[in-house]
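Everything numeric here is computed off the predicted structure, so don't read it as measured data.
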Amino acid sequence: MVSVIDVYNTVRDIANKEQKGFITPEVFNTLASVAQLNLYSELFKEVINGQRLRRQSFDHGRDLSYLKQVKEDLALYMVEVELDDTYVDEIADEEFVSFRKPTNLGKIIALRTTDNNSVEIEYDSEKVSRLLRSLLSRPTSEHPVAILGNDIRVYPDSVCPVLLRYYRIPAARTMDGELDLDSLPTYSVTELGEDFMVVNPSESRDFDLPGHYKGELVNEILKMVGVRLRDPNLYSFGSTEDAAE
């Protein structure tokens, strides 16, 4: 994982080199979580780019495959949970059962029943209404249908529980590398006196990103620091380094 202490020190040193002043831990922590989420979102775009490279025969094979490397990074966030009656919302009737989405849900991969039947996922409520009215294509326990919105509604209501596979939103890691789902990247300090503080590793939380994203994190945060300070040079520095990678 990427060390929050290393990233903070690098961002602080570059900002000071550009004579833009001290980046406080509070400011850094606010930008750090946004930067991490930005890079996480970019991973899904990189999958599309990798697929395009493969179709054009530009992607290297085996361990050098660009698409394979991106998918390996995304696999870090893949989770499968069972949605059972602890998730059932109050809005349920005789036709469907409604599950609350996990709080750390990023993107849904698939739904299936405990009998290993795939649950067809739909996003169009009108299409689902047509399916329910049809005698031929009406959802059954063997061929259930789910519609996604604020919740996850599965038809028919006899399908419970269901297994949800999804990409979780990135969180944070302890200094020992353990996943901390209740935290975000945090550079924590202990004040020892006026204008003097030292890092507190036990309370700090590392980024929930593979280690090779350190440079991209630094560049992403520098761009946001440049916007915050209204400094085009600092923003340009982060953008140029990012493009170079």
Side-chain angles (χ1 to χ4, degrees), residues 1 33-34 36-48 51 67-68 70-174 177-186 205-210:
M1 298 299 106
S33 59
V34 177
Q36 175 171 264
L37 194 57
N38 288 347
L39 294 185
Y40 166 79
S41 299
E42 283 294 323
L43 285 174
F44 296 97
K45 298 178 183 179
E46 293 305 316
V47 169
I48 298 175
Q51 292 171 336
L67 180 59
K68 174 179 176 292
V70 176
K71 286 186 174 181
E72 284 182 356
D73 292 341
L74 272 176
L76 177 69
Y77 309 102
M78 191 179 297
V79 180
E80 184 171 81
V81 297
E82 181 179 284
L83 305 183
D84 55 22
D85 56 352
T86 63
Y87 280 90
V88 175
D89 207 337
E90 295 179 356
I91 45 175
D93 60 21
E94 59 183 10
E95 293 185 343
F96 68 86
V97 61
S98 178
F99 302 98
R100 291 191 297 271
K101 293 180 179 178
T103 55
N104 65 345
L105 174 64
K107 294 182 181 294
I108 291 179
I109 301 172
L111 272 171
R112 62 186 177 89
T113 68
T114 52
D115 296 330
N116 213 30
N117 294 322
S118 295
V119 179
E120 182 182 352
I121 299 176
E122 294 290 345
Y123 302 88
D124 186 347
S125 59
E126 287 298 322
K127 181 176 180 180
V128 173
S129 296
R130 290 194 297 271
L131 290 176
L132 294 174
R133 292 194 297 267
S134 171
L135 296 178
L136 296 177
S137 56
R138 185 179 180 85
T140 65
S141 298
E142 291 74 27
H143 301 284
V145 174
I147 183 168
L148 302 184
N150 293 327
D151 53 10
I152 301 174
R153 298 186 181 184
V154 180
Y155 299 82
D157 62 348
S158 58
V159 180
C160 184
V162 295
L163 300 174
L164 171 66
R165 183 178 301 169
Y166 66 97
Y167 292 111
R168 63 174 177 82
I169 295 174
R173 299 273 174 167
T174 66
E178 296 295 325
L179 181 62
D180 186 352
L181 292 174
D182 297 323
S183 298
L184 292 172
T186 304
R205 292 293 180 269
D206 284 338
F207 290 91
D208 185 20
L209 284 169

Enquirer: Identify the two heavy atoms, one from G106 and one from Y40, that lie closest to each other, and give their separation to 0.1 Å.
Expert: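 Heavy atoms only, the tightest pair is CA-OH, 3.9 Å.
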Enquirer: Other residues, nucleotides and ligands only: do more than 12 of their heavy atoms fall within 6.0 Å of CG on D124?
Expert: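 Result for CG/D124: enclosed.
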Enquirer: For residues I109 and M78, determine if any side-chain heavy atom of one lies less than 4.5 Å from a side-chain heavy atom of the other.
Expert: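 Yes, close enough: below the 4.5 Å cut-off.
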Enquirer: Given side chain to side chain contact (heavy atoms under 4.5 Å, CB included), test V97 with V159 step by step and report yes or no.
Expert: CA-CA 8 Å; V97 61; V159 180; 5.6 Å; no
Enquirer: Hey, are the side chains of I152 and L111 touching, using non-hydrogen atoms and a 4.5 Å cut-off?
Expert: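 Of all side-chain heavy-atom pairs linking L111 with I152, at least one is under 4.5 Å.
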Enquirer: Donor-acceptor pair, distance only, cut-off 3.5 Å: does the side chain of R138 make one with the backbone of L132?
Expert: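 Yes, R138 side chain to L132 backbone: donor-acceptor pair under 3.5 Å.
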Enquirer: For side chain to side chain contact (heavy atoms under 4.5 Å, CB included), just list the numbers for R205 and T174, CA-CA rounded to whole Å, side-chain angles, deciding distance to a tenth of an Å, and then say yes or no.
Expert: CA-CA 5 Å; R205 292 293 180 269; T174 66; 4.0 Å; yes
Enquirer: Given side chains that start at C-beta, do those of C160 and F99 come closer than 4.5 Å, heavy atoms only?
Expert: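 Counting from C-beta outward, C160 and F99 do come under 4.5 Å.
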Enquirer: Heavy atoms, side chains only, cut-off 4.5 Å: are L209 and L39 in contact?
Expert: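 Yes, close enough: below the 4.5 Å cut-off.
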Enquirer: Name the orientation class of the two ring planes belonging to F44 and Y167 (parallel below 30°, tilted from 30 to 60°, perpendicular beyond 60°).
Expert: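 The rings of F44 and Y167 stand perpendicular, inter-plane angle above 60°.
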Enquirer: Is R100 salt-bridged to D151, going by a charged N under 4.0 Å from an acidic O?
Expert: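 Salt bridge flag = no for D151 with R100.
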Enquirer: Just list the side-chain donor-acceptor pairs under 3.5 Å for residues 141-149, sequence neighbours left out, or say none.
Expert:
| unit_1 | atom_1 | unit_2 | atom_2 | d |
| --- | --- | --- | --- | --- |
| S141 | OG | S158 | OG | 2.8 |

Enquirer: What's the separation between atom CG in L184 and atom CD1 in I169, rounded to the nearest 0.5 Å?
Expert: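 Reported to 0.5 Å precision, the distance equals 10.0 Å.
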Enquirer: So, are R168 and D208 salt-bridged, with charged N and O less than 4.0 Å apart?
Expert: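 Salt bridge present between R168 and D208.
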Enquirer: May I have the step-by-step check of side chain to side chain contact (heavy atoms under 4.5 Å, CB included) for L163 and L83, ending in yes or no?
Expert: CA-CA 6 Å; L163 300 174; L83 305 183; over 6 Å; no
Enquirer: R112 vs E80, test: salt bridge (charged side-chain N to carboxylate O under 4.0 Å, His left out). Steps then yes/no.
Expert: CA-CA 10 Å; R112 62 186 177 89; E80 184 171 81; 3.1 Å; yes
Enquirer: Among residues at least two apart in sequence or on other chains, which ones pass side-chain hydrogen bond (donor to acceptor under 3.5 Å, both in side chains) with Y166?
Expert: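 Only N104 meet the side-chain hydrogen bond (donor to acceptor under 3.5 Å, both in side chains) criterion with Y166.
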Enquirer: Side chains of R173 and D180, heavy atoms from C-beta outward: is any pair under 4.5 Å?
Expert: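 With C-beta onward as the side chain, the pair stays apart.
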Enquirer: To the nearest 0.5 Å, what is the distance between CD on E122 and OG on S129?
Expert: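 Reported value, rounded in 0.5 Å steps: 11.0 Å.
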Enquirer: Under 3.5 Å, is there a donor-acceptor pair between the side chain of S134 and the main chain of R130?
Expert: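 No, because the side chain of S134 does not come within donor-acceptor range (under 3.5 Å) of the backbone of R130.
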Enquirer: Is there a side chain to side chain contact (heavy atoms under 4.5 Å, CB included) between K101 and L164 once you walk through the steps?
Expert: CA-CA 9 Å; K101 293 180 179 178; L164 171 66; over 6 Å; no
Enquirer: Would you check if T140 and P156 make a side-chain contact, meaning some heavy-atom pair closer than 4.5 Å?
Expert: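 Not in contact.
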Enquirer: Looking at Q36 and A171, would you say the former's side chain and the latter's main chain have a donor-acceptor pair under 3.5 Å?
Expert: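 Checked: pair present.
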